[in-house]
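Below you'll find the structure, written out as structure tokens, and then a few comments.
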2 protein chains.
Amino acid sequence: MSITDRRLRQKEEVRVLILDAAWEMVVTEGWQSFSIRKVADAIEYSVPVIYTHFENKDAILLEFNRKGFRLLAECLEEAKIGKDNPAAQIDAMAHAYWNFAFSNYQYYQLMFGLGMPTCETARKIPEMAGFKDAISSSIEALTPADRKDSVDPFLKYQSFWSMLHGLVSINMLGKPDNQHGGLAEMVLKDVICSFIKGIVS
Amino acid sequence: MSITDRRLRQKEEVRVLILDAAWEMVVTEGWQSFSIRKVADAIEYSVPVIYTHFENKDAILLEFNRKGFRLLAECLEEAKIGKDNPAAQIDAMAHAYWNFAFSNYQYYQLMFGLGMPTCETARKIPEMAGFKDAISSSIEALTPADRKDSVDPFLKYQSFWSMLHGLVSINMLGKPDNQHGGLAEMVLKDVICSFIKGIVS
DNA sequence: GTAGCTTTGCTAACGCTGTTACAAAAAATA
DNA sequence: TATTTTTTGTAACAGCGTTAGCAAAGCTAC
């Protein structure tokens, strides 16, 4: 069956062609402006050909999503190499995660659904001030007098917000409501506790 | 000038009509399927009328974004009422944040750009296993023998991931690269430190 | 009350998008 | 060479954001 063999090989080649062109597009223009039609144009095939390889547009994005997680896992594993102290491993992985996110910006966006229209401007929204004030004031009040030098309130505000936003986002991946059998609640408590401890002592 | 007065009033009414219809749509169908044309249809006006009130589609979403932050700030302030202990305030705000996110799901999505096509399925991606294993194994190794009962590795894995994802997301709101003058790096270190402390002691 | 001007609103189009039914062309089989 | 299978392209459907140009209504002044 060498004929069907070649056919499979050729079909695979087109599949790779599609993925390459799509990825090129995601990297240069962002996933928002990636379209089936543009991919078809780039690989010099007609549009329906793409639908013989992928069920729909989302299936192509899903492919990148999975690859993103594979890459991230690799980065984390690599970061651990040569470090047998678990605390050092966790430290290394955290930095690896951070570096992955920013040096693979497009992957990270796809993996966690960042990059909405309003997202870019979210930082400039004046309404955020009230939010920041509410948190910052309590953090400053919490800081013991003898630690005012070593605790930066703005830094702690960022930590606080980041932790909460991460927690919420992760829990929203999948389900809109928070019926997760109390686990999320325990994580929340755990995170708050760590945060407060980090300031007072 | 009672005529132009009425005109302004009527124009404002249409504006409210637009926002109400748009929000109704976002709540019932999600922001992904909200469209100018459907709003025009709902309020029984033609499409260009909407463009006399809002510059474009994003401007309408931005409106909700801002309102979302106003609501969130209110929630946080309200949570602090009657609590003069700063640690209790922070605890209350964290829970208020959490509750806001899940009882105002659509606002939270808009505010932080959640809800990409691939987002719903992100939890089901098998490639995530490698990622989880890399982290969990180090956490288990870090846990002292006498604390194995009180430290749930899965819970800590969720905390770790949440913190990092939050940190990255917040820093990506605005800029793709991480040239933030070292502040983000300090927050990262701060968060890792708190996390490790929370496990070993 | 009518003429002219201003404001408002609608129709219809442009150029996109994802997706698919159907026909043509090419390739493999008989 | 004729037939069948596979592959590919054309063209359409239904939707989207956005805008140019025109008709209608409302207001002002005579």
Side-chain angles (χ1 to χ4, degrees), chain A residues 1-19 21-23 25-26 28-65 110 115-121, chain B residues 1-19 21-23 25-26 28-65 110 115-121:
Chain A
M1 287 293 154
S2 122
I3 283 174
T4 53
D5 238 36
R6 172 182 53 76
R7 277 191 164 161
L8 279 175
R9 205 169 54 243
Q10 285 181 336
K11 200 168 175 91
E12 179 62 25
E13 274 168 24
V14 174
R15 195 190 140 91
V16 171
L17 226 56
I18 292 171
L19 287 174
W23 186 244
M25 212 158 283
V26 168
T28 56
E29 302 174 57
W31 65 264
Q32 297 91 339
S33 80
F34 144 76
S35 85
I36 298 272
R37 292 174 120 98
K38 280 195 264 185
V39 170
D41 205 57
I43 64 172
E44 293 174 310
Y45 274 89
S46 70
V47 172
V49 170
I50 293 175
Y51 285 89
T52 64
H53 292 86
F54 298 94
E55 201 189 336
N56 52 29
K57 187 184 179 179
D58 286 358
I60 299 176
L61 291 177
L62 189 64
E63 205 77 6
F64 297 137
N65 207 324
L110 284 169
M116 265 217 348
T118 49
C119 208
E120 293 95 65
T121 51
Chain B
M1 285 296 154
S2 122
I3 283 174
T4 52
D5 237 35
R6 173 183 53 77
R7 276 191 166 163
L8 279 175
R9 205 169 55 243
Q10 286 181 337
K11 200 167 173 94
E12 179 61 26
E13 273 168 25
V14 174
R15 195 189 140 91
V16 171
L17 228 55
I18 292 171
L19 287 173
W23 186 243
M25 212 160 282
V26 168
T28 56
E29 302 174 55
W31 64 265
Q32 298 91 340
S33 80
F34 145 76
S35 85
I36 299 272
R37 291 174 122 99
K38 279 196 266 185
V39 170
D41 205 58
I43 64 171
E44 294 175 309
Y45 274 89
S46 71
V47 171
V49 170
I50 293 174
Y51 285 88
T52 65
H53 292 86
F54 299 95
E55 202 189 336
N56 52 29
K57 186 184 178 179
D58 286 358
I60 299 177
L61 291 176
L62 189 65
E63 205 76 6
F64 297 137
N65 208 326
L110 284 169
M116 266 213 350
T118 50
C119 208
E120 293 96 61
T121 51

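Quick caveat, the model's predicted, so the values are computed rather than measured.
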- Task: Take atom CD of A:E55 and atom C1' of C:dG18, then tell me their distance rounded to the nearest Å.
- Result: 13 Å

- Message: Whether A:S46 contacts D:dT8 is assessed here as follows: a side-chain N or O lying under 4.0 Å from the phosphate OP1 or OP2. Is that the case?
- Response: no

- Query: With respect to the side chain of A:P48, which nucleotide from C:dC10, D:dT10, D:dG17 is positioned closest?
  - Reply: D:dT10

- Query: Does B:V14 have any side-chain contact (heavy atoms from CB on, under 4.5 Å) partners at least two apart in sequence or in another chain, and if so, which?
  - Reply: B:I18, B:Y45, B:V49, B:H53

- Members of residues 37-45 of chain A that approach DNA chain C, where some heavy atom sits under 4.0 Å away: A:R37, A:K38

- Query: Among C:dC10, C:dA21, D:dT18, which is the nearest nucleotide to the side chain of B:V47?
  - Reply: D:dT18

- Check the pair B:E12, B:R9 against side-chain contact (heavy atoms from CB on, under 4.5 Å), reporting the backbone distance first and the verdict last. CA-CA 5 Å; B:E12 179 61 26; B:R9 205 169 55 243; 5.7 Å; no

- Query: Partners of B:K38 by side chain to side chain donor-acceptor pair (under 3.5 Å), sequence neighbours excluded?
  - Reply: B:E29

- Message: Using whole Å, what does the distance between atom C1' of nucleotide D:dG17 and atom CG of B:L61 come to?
- Response: 12 Å

- Item | By side chain to side chain donor-acceptor pair (under 3.5 Å) - contacts of A:R37 (at least two apart) | none

- Query: Which residues satisfy the side chain to side chain donor-acceptor pair (under 3.5 Å) test with B:Q10, sequence neighbours excluded?
  - Reply: B:R6

- Message: Going by side chain to side chain donor-acceptor pair (under 3.5 Å), name the residues that satisfy it together with B:T28, two or more places apart in sequence or in a different chain.
- Response: none

